[in-house]
Number of protein chains: 2
Amino acid sequence: MAPSVPSVPPGFRALTEATGFAESNGPWFEKIDGPRVIRGFRPGPQHANGLGIVHGGMLAAFLDAAMGTAVWHTLGRRAVTVRLTLDYLAPGRLGDWLQAEGEVIGHDEQVAQIRGRLYGPRHEVLGGLGVFALLARQRVIESRS
Amino acid sequence: MAPSVPSVPPGFRALTEATGFAESNGPWFEKIDGPRVIRGFRPGPQHANGLGIVHGGMLAAFLDAAMGTAVWHTLGRRAVTVRLTLDYLAPGRLGDWLQAEGEVIGHDEQVAQIRGRLYGPRHEVLGGLGVFALLARQRVIESRS
């Protein structure tokens, strides 16, 4: 069901710099579209739950990472999740190309509020609302995916 | 940092029946303690984010699964997550033994409310509050991890 090299829409690059969780649950892809960063992946059997759909936790992880990336792209700050509310709207299907993105809807020097969405070719899959703590500017981190 | 066979506290069995996401992010462990089901795992580099701590999405996935298991153990019903609110309280450290469990705090025939917690040897790591939709009783599913 999941080819080892998934087919990928135009404009997305593989996050080959991914490590740890992002690497072992990848490949993940990213497209920069002006102010937006769109993450994408094509779930396979390794992302499934016992119902044969994408594991809700995998969806949560992917959206959380996309929301953190939106903070970095918009504010130039690394961030960690403090609070995240997730609404599961529809199942994520294996083999579909799923995308996720975040939007900074407010921030101060310490904290940012992010709206996130994860969606497939036919429907919204997961909605998120998150509070992220902004790390000190001098902290240099190779990647936070 | 993470041995291939992690050291496991007494009473936990490996979820060898795990498939998909749970298998590829395992090994995960479980202990039944009367009315409680306690899940455990020892995170390694494959569970990390770019900061060198456990990926928040991995923590979310593990807690979500533990909460779903609590529904099954308490009500005898399979369930899918509808809404999940997560509070990140402290980092999850690689190499620590982390546990997660859920408690059914209310339910009717269709829906259950679950409180969840994920904690390490020193502190609470992640708190959760979830709404789960209960699947029809006749649906037989091999495992939902």
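Residue numbers start from 1 in every chain, and the chains themselves are labelled A, B, ... in the order their sequence lines are given, proteins ahead of strands. Being a predicted model, the structure only gives us computed values, none of them experimental. Below, each value reflects all heavy atoms present in this structure, side chains not excepted, and no hydrogens, waters or symmetry copies.
- Residues Ala61(A) and Met58(B) approach most closely at CB-N, 4.3 Å, considering heavy atoms.
- Under the 4.5 Å side-chain criterion, counting only non-hydrogen atoms from C-beta, Leu135(B) is in contact with Leu51(A).
- Tyr88(A) and Leu129(B) fall into different hydrophobic clusters, where Ile, Leu, Val, Met, Phe, Trp and Tyr residues are linked whenever their side-chain heavy atoms come under 4.5 Å apart, directly or through other members.
- A continuous path of Ile, Leu, Val, Met, Phe, Trp and Tyr side chains, each step under 4.5 Å between heavy atoms, connects Phe132(B) with Leu75(B), placing both in one hydrophobic cluster.
- Considering OG1 of Thr81(B) and CG of Leu86(A), their distance stands at 9.0 Å, rounded to 0.5 Å.
- Hydrophobic clustering (side-chain heavy atoms under 4.5 Å, transitive across Ile, Leu, Val, Met, Phe, Trp, Tyr) keeps Val37(B) apart from Ile114(B).
- The OG1 atom of Thr19(B) lies 8.0 Å from the CG atom of Asn49(A); values are rounded to the nearest 0.5 Å.
- Between Asp87(A) and Val82(B), the closest side-chain pair of non-hydrogen atoms is not below 4.5 Å.
- The hydrophobic cluster containing Val131(B) does not contain Leu89(A), counting ILVMFWY residues as joined when their side-chain heavy atoms lie under 4.5 angstrom apart, directly or transitively.
- Within the 4.5 Å cutoff, the side chain of Thr85(A) has heavy atoms near those of the Arg83(B) side chain.
- With chain B as the partner, the residue from Leu126(A), Val54(A), Leu84(A), Ile53(A) showing the most heavy-atom pairs under 4.5 Å is Leu84(A).
- Proximity of Asn25(B) to Asn25(A): side-chain heavy atoms (C-beta onward) are separated by under 4.5 Å at one or more points.
- Atom CZ of Arg77(B) has more than 12 neighbouring heavy atoms from other residues, nucleotides or ligands inside a 6.0 Å radius.
- For the atom pair CZ of Phe21(A) and CG of Leu59(B), the computed distance is 9.5 Å after rounding to the nearest 0.5 Å.
- Using a 4.5 Å cut-off between heavy atoms, Ser24(A) touches chain B through its side chain atoms alone.
- A continuous path of Ile, Leu, Val, Met, Phe, Trp and Tyr side chains, each step under 4.5 Å between heavy atoms, connects Tyr119(B) with Phe12(B), placing both in one hydrophobic cluster.
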